There are 2 protein chains.
Amino acid sequence: MAEPEGRFRTMVDRLREKGHRLTPQRLAILKILARSEGHPGVEAIHRQLIQDYPNISLATVYRNVILLKELGEVLELGFADDGNRYDGNNPRPHPHLICIRCRRILDPDLPDLKEASDRLANETGFEILSHRMDFFGICPSCRAKG
Amino acid sequence: MAEPEGRFRTMVDRLREKGHRLTPQRLAILKILARSEGHPGVEAIHRQLIQDYPNISLATVYRNVILLKELGEVLELGFADDGNRYDGNNPRPHPHLICIRCRRILDPDLPDLKEASDRLANETGFEILSHRMDFFGICPSCRAKG
DNA sequence: TTGGCTGCAAATATTTTGCACTGGC
DNA sequence: GCCAGTGCAAAATATTTGCAGCCAA
C-alpha cells in the first residue's frame, strides 16, 4: 500500500500540470481516493463526502473519478452487476481478491503477469495495454457466519 | 474449442434434468451459446434469433442466459461499460484477450491459475470459487487500421 | 473576469420485473 | 390442463449529460 499522503500530492500535481482546477470537492475526493480504503465505490465515496459537503452531487463524484481514471491516477474495477469500485492508492493493474458475500476487496501479493502478458503479445500480435485479474470467493469472516 | 454439437446436447440434458422446458426459443438460444462464436452479447444473440423468431424478446434472451449461467453452462463476462458477453462453449473460467477497439474477444492458451488460486486460498483463508483474467489491448487488425 | 466545475434534474443504457397469454410436457 | 416460459411494456439500476450559477485561478 502506497502512502496516502504521497498519492494525494501526486494526484494534485498531476491535475495542476494538466490545468485542472482544485476545488474543495475535488480535493476531498482525491483524499478519499488516495487512501481507497476498502476500494470504495462511487456511492461509498459520496457517503463520506456528504459529512463535509452536504450538497455534493453524485455526478461530481462520477466526473472526478472519470477524470482521474483518464489521467491514470485511479484504477477502475468495473462490475456489471454491482457498482464499480476504485483504487487511487495503487492505480496500476494488480490482482484483486473479492468476497462475493460482503463485497470486500483485498490486494493479495501475487507475482505479476508481465511474463504471460509479453508472451501473449508475441503469440497473438496484440498490443497489450492492461489486464484485469480477479479472484472471487468467500472471505474468512463470511465463511464463519455460515 | 469444444464441439458445439456436444455442448448443445450437454446443455439440453442439463435443462431436462433440472425440469426446465425446451421451448423452440430456448433451444435456439442454446444453439447460439453452444457455439458462442465471438463471445456474443445479449444484443448479438437477439439479432441472430430474430431471423427465425421475429417476435422473440430481449427479455427472453436475458432470462435464458441467466438460467444457463446459474446452471454453470454459460460463462458470463460482465463489463461495466459495455454489455456483457457470454461463452457457452467453454463455461469454465479461462483467460480472455480483448480488443478495446473492435471488442473482439479471443481465448488465448495460457497455463491455468490453479496454483496461484490454491496459494491465495491458503494465505488468505478465502474459499476461492472462481476467477476472471482479462488482457486488454489492440488486435492486429485494428493496429493495422492505425 | 471567465471558463471550468458544481448541483440538480432529466436523459441514457442496460438489465429486471409484472402481467396476461401461450404451449411444452 | 397446469404452470413454466414468453412477449410486451414498465420499472429498476447505474451512469451520463444539459444547463444555469458559482468560484478557482
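Order of the sequence lines sets the chain letters (A, B, ...), proteins ahead of strands, with each chain counted from 1. Keep in mind that this is a model prediction, so the values were computed, not measured.
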- Sequence neighbours left out, what pairs pass salt bridge (charged side-chain N to carboxylate O under 4.0 Å, His left out) with at least one residue falling in residues 132-146 of chain A? R132(A)-D134(A)

- For DNA chain C, which nucleotides open and close the run of contacts to chain B, 5' to 3', at under 4.0 angstrom from a non-hydrogen atom? dT14(C) to dC25(C)

- Message: Let me confirm one number: the CG-CD1 distance from D82(B) to I100(B), rounded to the nearest 0.5 Å.
- Response: 12.5 Å

- Message: Tell me the interatomic distance from N64(A), atom CG, to dT16(D), atom C1', rounded to whole angstroms.
- Response: 14 Å

- Item | Residues in side-chain hydrogen bond (donor to acceptor under 3.5 Å, both in side chains) contact with R104(B), at least two apart in sequence or another chain | none

- Message: For D81(A), I'd like to know if atom CG has over 12 heavy atoms of other residues, nucleotides or ligands within 6.0 Å.
- Response: yes

- Message: Whole angstroms only, please: what is the CG-C1' distance between L58(B) and dT6(D)?
- Response: 13 Å

- Message: Taking E115(A) first and then R119(A), would you say they form a salt bridge - that is, a charged N and a carboxylate O separated by under 4.0 Å?
- Response: no

- To the nearest 0.5 Å, tell me how far R101(A) CZ sits from I138(A) CD1. 4.0 Å

- Item | Donor-acceptor pair between N64(B) and R26(B) side chains, under 3.5 angstrom | yes

- Item | Lys/Arg N to Asp/Glu carboxylate O, D118(A) vs K114(A), below 4.0 Å | yes

- Any pair with a residue in residues 14-36 of chain A that passes ring-ring contact (aromatic ring centres under 6.0 Å, His included), sequence neighbours left out, goes on the list, sorted by first then second residue, please. none

- Note on the structure: Bend of the helix from dT1(C)-dA25(D) to dC25(C)-dG1(D) from end-axis comparison, five pairs per end, nearest 10°, comes to 40°

- Members sharing F126(B)'s hydrophobic cluster, built from side-chain contacts under 4.5 Å between Ile, Leu, Val, Met, Phe, Trp and Tyr, are L97(A), L106(A), L110(A), L113(A), L120(A), F126(A), I128(A), M133(A), F135(A), L97(B), L106(B), L110(B), L113(B), L120(B), I128(B), M133(B), F135(B)

- Task: Taking only heavy atoms on the protein side, list every residue of residues 70-82 of chain A lying under 4.0 Å from any atom of DNA chain D, sorted numerically.
- Result: none

- Message: With ring-ring contact (aromatic ring centres under 6.0 Å, His included) as the rule and sequence neighbours excluded, what pairs involving residues 75-102 of chain A come up?
- Response: H39(A)-H96(A), H94(A)-H96(A)

- dist C99(B):SG -> F136(B):CZ (nearest 0.5 Å) comes out at 11.5 Å

- Query: Can you list the residues that meet the side-chain contact (heavy atoms from CB on, under 4.5 Å) rule with A44(A), with sequence neighbours excluded?
  - Reply: P40(A), R47(A)

- Message: Among residues at least two apart in sequence or on other chains, which ones pass side-chain contact (heavy atoms from CB on, under 4.5 Å) with F8(A)?
- Response: E5(A), V12(A), L27(A), L30(A), K31(A), A34(A)

- Task: Mark up nucleotides 17-25 of chain D, 5' to 3', with B wherever a protein heavy atom is under 4.0 angstrom from a base atom, S wherever such an atom reaches only the sugar-phosphate, and - elsewhere.
- Result: BB----BBS

- Item | Check: C102(B) and S141(B) side chains under 4.5 Å, non-hydrogen atoms | no

- Query: Got a sec? Which of residues 31-47 of chain B come in under 4.0 Å of DNA chain D, heavy atoms?
  - Reply: none

